[in-house]
Amino acid sequence: MDAITAEGVSKRFGDVQALDDVSLSIPEGRIYALLGPNGAGKTTLIKIMTTLLRPDAGHVEVGGLDVVSRAAEVREIIGLAGQFAAVDDHLTGRENLEMVARLYHLSRRQAQHQVQQIIDRLDLTQAADRTGRTYSGGMRRRLDLGASFITAPRILFLDEPTTGLDPHGRAELWSVIRELTGGGTTLLLTTQNLEEAEELADRIAIIDRGKLIADGTAGELKDRVGGSVLEFRIAATDGRLQRAADVTADLFVKSPTVEAGINRICGSVESSTNALTEVVRRLDREQIPIADIRLRKPSLNEVFLTLTGNVAEER
Amino acid sequence: MSTSVVERTWPERLRNNVSDVLTLVKRNLRRYERIPQLLVFSTIQPVMFLLLFNYVFGGAIGATTGTGNYIEFLLPGILMQVALFGSTATSVGLADDLSKGMVDRFRSLPIARSAVLAGRTGADLLRNTFVVLLMVAVGMVLGFRFQGGFAYGAGAMLLVLFFGYAFSWISATIGLTVHDPETVQVASFIWIFPLVFASGAFVPVATMPGWLQPFAEHQPVTVTVNAVRSMMLEGAPGDLGQALIWIAGILIVFISLAVWAYKRSA
């Protein structure tokens, strides 16, 4: 069964088409990343799915419940950690979590029990009885995450959970997310960070300017761009880089990137061609020595740039 | 532990609603527990107003009020001022919650839309109660007496609090529309100052210029302060009926507006 389905969802704010006919479905127990640049519509989609906003058009079901007509029931089965860490500065970490637990209508005892468990799992035991204002950015994020997970919801939404954290804090939060969702929770998270999407998610949807432009596993997305990336550095330092680029230009799908500083040429090639051997042959003929050369799959970053770049060019 | 979706019966929903509002009232009051200075300084201000008006303007204004003792005229007016200034806390608190993402968290929880607003205005009502009682105590030190008897005195204080509560909802609507906490603070005083000062709170309306009198005479602060005075000093309801109509009208209009503004504040 699908935990989340969206069909033809559109939302407009004044002149801005925030979402344009977005459809996706997420099977139960999966971790799904919505990847896109700032202003792509990620937060709007999350807000619609968590009943904070109504779509102008389209249909969204979460846990089999329509988010517009059965919003109250949807709120009972989801958890949301929004883009800002929603931490009350004047409450202690524990009080923040207890407040949320009580608002989910757990009894006082249940709430205390559940909160203690979350505090232990989040490794916040030391700081639990200090007020929110003393928390670091990473601790606030963890606490916010804990609040969204207080009732172990079946479906969890995290909107840019690691924005503003340093790499260490980010890695720490990733392990917390993995640990919390290990028990079969369906998770939809948004991110601008490719590494984060690849690290956490089973599937990735790329969204740009309100449109869903690609959807699949990291591997599938890389295949979708097609081909491979060929990159090589020449050992010559006497300015023959341009010559090397000229003689190999026709092997690339489009003109390759020439990085003069590090004597590197890099570009995509058709997978089935013998571009690699051809480059070696031609440079040898020109007597340009090769420092290193390799053929690899495109990185997710390149996929992202190719896909979102294409959309930009259509305009 | 997984939550299953169940249809809730209405007594259960009512119990949940009450418990949600209490949880949020408690949360909002914690702020005063954690920063006591906030409460101390916000009460020093009205006490200062009371002392300044009584000793600085008392001599000049006292003669025009018809009461022998200016403090008798002044205290009901100061209580109104306290209630109105206090109501601005509602908008600042809500704007703060909006800008820090707390409201989004609340909106994603299985609680009534109105619970967040009721929790905020409820906490501000309790805070106002504390300040009003304190001001009455200071007033009594300065010579104020409930000449209308205890029941009318208590009734008058309730009326002040009820009035402040109604204005909390105006304030809530502003906070939810303006969003930015600092702008909200500035915006609040634009409408509160004329209401408090162009009223019978501190001086008799009859001493104002003719063009101002019709407004000053009928606006809610004057009507309510008149009722409070006659209850506290004469033991008679005075303009109570009119005051209650104003308060009910404000509540009906601004509760709807505030809930509407809350819904579209995502």
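Only a predicted model underlies this, so the values are computations on that prediction, with no experimental measurement involved. So that the names make sense, note that chain A is the first sequence line, chain B the second, and so on, each numbered from 1.
Contact detail for V9(A) and I48(A): the closest heavy-atom pair is CG1-CD1, 3.9 Å. Contact detail for L159(B) and I247(B): the closest heavy-atom pair is CD1-CD1, 3.8 Å. The shortest non-hydrogen separation linking L145(A) to S148(A) is O-OG, 2.6 Å. Counting all heavy atoms, side chain and backbone alike, S108(B) lies closest to L80(A) at CB-CD2, 3.7 Å.
Top candidate by heavy-atom pairs under 4.5 Å with chain B, chosen from A71(A), A147(A), G82(A), G183(A), is A147(A). Per-residue counts of heavy-atom pairs under 4.5 Å with chain A were compared for R27(B), K100(B), E33(B); the largest is that of R27(B).
Remark: I174(B) CD1 to Q185(B) CD distance equals 12.0 Å, nearest 0.5 Å. Here the CG-NZ distance, from L176(B) to K263(B), works out to 13.0 Å after rounding to the nearest 0.5 Å. Here R141(A) contributes atom CZ and L173(A) contributes atom CG; the two are 8.0 Å apart, rounded to the nearest 0.5 Å.
Contacts between D144(A) and chain B at a heavy-atom distance below 4.5 Å involve backbone atoms as well as side-chain atoms. Proximity to chain B is limited to the backbone of V87(A), based on heavy atoms less than 4.5 angstrom apart. If you measure heavy-atom distances from R140(A) to chain B, you find no contacts under 4.5 Å at all. For A81(A), the parts sitting under 4.5 Å from any heavy atom of chain B are the backbone and the side chain alike. Neither the backbone nor the side chain of T43(A) comes within contact range of chain B, judged by heavy atoms closer than 4.5 Å. Using a 4.5 Å cut-off between heavy atoms, T131(A) contacts chain B through its side chain alone, with no backbone atom that close.
Using non-hydrogen atoms only and a strict 4.5 Å limit, no part of residues 20-29 of chain A faces chain B. Applying a 4.5 Å heavy-atom cutoff, the residues of residues 93-105 of chain A that approach chain B are E95(A), M99(A), V100(A), R102(A), L103(A), Y104(A), H105(A).
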Exercise. Kindly indicate, with the supporting measurements, whether the criterion salt bridge (charged side-chain N to carboxylate O under 4.0 Å, His left out) is fulfilled by E73(A) and R70(A).
Key: CA-CA 6 Å; E73(A) 290 160 84; R70(A) 301 179 75 180; 2.8 Å; yes
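Classification of the F189(B)-F85(B) ring pair by plane angle, with boundaries at 30° and 60°, yields perpendicular.
Side-chain contact between Y32(A) and L189(A) is absent, with no heavy-atom pair separated by less than 4.5 Å.
In terms of modelled atom types and a separation under 3.5 Å, the side chain of D88(A) and the main chain of H90(A) share a donor-acceptor contact. Here the side chain of S42(B) pairs a donor or acceptor atom with the backbone of L39(B) at under 3.5 angstrom.
You'll find the ring centres of F167(B) and F162(B) outside the 6.0 Å limit.
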